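Predicted model, so just to flag it, every value in this text is computed and none were measured. Below, chain A is the first sequence line, B the second, and so on; all start at residue 1.
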Amino acid sequence: RPRYNAIIGSLCREGKVRLAFGLQNEMVEKGIRPNISTYNALMNGLCKLGHVEGANELLKDIVEIGLYPNSATYNTLMGGHCKRGEMEKALGLAYTMVKSGVQPNLITCNILMNGLCKGGKMEEAKKLLIEMWDQHKLPDLVTSTILIHGYCTYGNMQEALELWYEMLRRGVVPDTFAYNVLINGFCLDGNMRYSSKLYGQIIKTGLTPDIITYNTLIDGFCRESDFQEACRIYDGMLNAGLVPD
RNA sequence: GCCCUGUUUUAGA
């Protein structure tokens, strides 16, 4: 069963939901009962395609079968609503979740945080962050990256930097993903000196810049009409053994 | 090694 779930999970992540449902049928035919993780994966696939109502129907099936929705079940649905900007529904689900005796976890918070930031509700996001501290759900790298991305998107680089340093002070270690977010923020801000500095930091800390790091920098230099530097970055990318996408 | 959260580029309307 775990093997089926793993395959169904990755199919759903790629949006091949039809195939995933086919595999689920195959499981049943072989007498393997799909468990909650199987259904969570399928719900995730539907949500990724924007079919949140389909995922909701699946939730009803889950309960009818006698399976118990867990935190991943609710998190998946909440993420689907957040992606459509339906924050009220997402928050309503958080309430349903608690009422059903399922504890929201850090991922629940991160999903809500992302929904708020993407919707431009940075004040609400800040409130959620405070509430997380109160509930002893310490923000992790993902939480911080979401908030930093939010501030970068709205051009508030000083707030983004403050959060970055606050995160470092807490001993959270950024990965290439997090660096990419901040680099992009400075690129959008036209501050290629800082972007380049951060690129250097990635390497200095023993991390590896990825294709997105390079794409971001190339785009940043092109926006500044510094095509010479953009080409140098491009060459650096090839030297690093990466293939342009 | 079963499921859920964070990053780049995207014309027109």
Side-chain angles (χ1 to χ4, degrees), chain A residues 1-13 20 23-24 27 32-48 55 58-59 62 67-83 90 93-94 97 102 104-118 125 128 132 137 139-153 160 163-164 167 172 174-188 195 198-199 202 207 209-223 230 233 237 242 244-245:
Chain A
R1 180 160 68 194
R3 187 144 184 100
Y4 267 102
N5 284 349
I7 299 168
I8 290 174
S10 46
L11 282 176
C12 286
R13 265 172 251 121
L23 265 183
Q24 185 225 17
M27 282 176 81
I32 308 168
R33 310 300 298 175
N35 64 7
I36 189 63
S37 298
T38 317
Y39 283 102
N40 288 343
L42 292 169
M43 287 174 64
N44 185 36
L46 290 171
C47 286
K48 284 227 150 64
L58 217 45
L59 175 59
I62 290 170
L67 291 174
Y68 293 95
N70 59 18
S71 54
T73 315
Y74 288 103
N75 288 344
T76 302
L77 267 176
M78 288 172 62
H81 283 300
C82 285
K83 228 164 269 148
L93 266 171
M97 186 174 180
V102 180
N105 55 22
L106 187 56
I107 295 182
T108 315
C109 298
N110 289 343
I111 289 169
L112 287 174
M113 189 69 82
N114 196 33
L116 291 172
C117 290
K118 289 265 159 68
L128 176 58
M132 285 174 67
K137 299 234 183 309
D140 65 357
L141 177 59
V142 174
T143 320
S144 301
T145 306
I146 289 167
L147 277 157
I148 291 167
H149 179 242
Y151 286 119
C152 287
T153 301
L163 261 161
W164 176 263
M167 173 184 90
V172 174
D175 57 7
T176 301
F177 203 115
Y179 271 104
N180 289 345
V181 169
L182 196 58
I183 288 174
N184 183 240
F186 284 118
C187 285
L188 295 178
S195 289
L198 286 162
Y199 168 75
I202 291 182
L207 292 169
D210 59 15
I211 189 73
I212 293 183
T213 316
Y214 289 106
N215 287 346
T216 305
L217 288 167
I218 290 168
D219 180 60
F221 282 116
C222 286
R223 283 175 196 265
I233 298 290
M237 184 183 90
L242 291 173
D245 63 1

Exercise. Would you indicate what A:Thr216 reaches in the nucleic acid, counting non-hydrogen atoms under 4.0 angstrom: base, sugar-phosphate, or nothing?
Key: sugar-phosphate
Quiz prompt | Residues which pass side chain to side chain contact (heavy atoms under 4.5 Å, CB included) with A:Leu198, listed by chain and number, not counting sequence neighbours | solution = A:Tyr179, A:Leu182, A:Ile183, A:Phe186, A:Gln201
Quiz item: Does one side chain, of A:Asn40 or A:Asn70, offer a donor that lies under 3.5 Å from an acceptor on the other?
Solution: yes
Exercise. Using a 4.0 Å heavy-atom cut-off across all strands, classify A:Leu141 as base, sugar-phosphate, or nothing.
Key: base
Quiz item: Base, sugar-phosphate, or nothing for A:Lys83, non-hydrogen atoms under 4.0 angstrom?
Solution: nothing
Self-check item: Check: A:Cys187 main-chain N/O paired with A:Ser195 side-chain donor or acceptor under 3.5 Å
Solution: yes
Quiz item: Which ones in residues 106-116 of chain A lie close to RNA chain B, meaning a heavy atom under 4.0 Å from one of its atoms?
Solution: A:Ile107, A:Asn110, A:Ile111, A:Asn114
Quiz item: Contact class for A:Asn35 vs. all strands (heavy atom < 4.0 Å): base, sugar-phosphate, or nothing?
Solution: base
Self-check item: A:Arg33 backbone acceptor or donor facing A:Arg1 side chain under 3.5 Å
Solution: yes
Quiz item: Earliest and latest nucleotide of RNA chain B, 5' to 3', sitting under 4.0 Å from a non-hydrogen atom of chain A?
Solution: B:C2 to B:U9
Quiz item: Would a distance-only check, ignoring hydrogens and angles, find a side-chain to backbone donor-acceptor pair under 3.5 Å from A:Thr213 to A:Asp210?
Solution: yes
Exercise. First locate atom CE of A:Met78, then atom OG1 of A:Thr76, and finally report the distance between them rounded to the nearest 0.5 Å.
Key: 10.5 Å
Quiz item: When you check the side-chain N and O atoms of A:Thr216 and A:Asp219, is any donor under 3.5 Å from an acceptor?
Solution: no
Practice problem: Give one of base, sugar-phosphate or nothing for A:Asp175, where a contact means two heavy atoms less than 4.0 Å apart. | Solution: base
Quiz prompt | Any A:Pro244 side-chain heavy atom under 4.5 Å of A:Met237 side chain | solution = yes
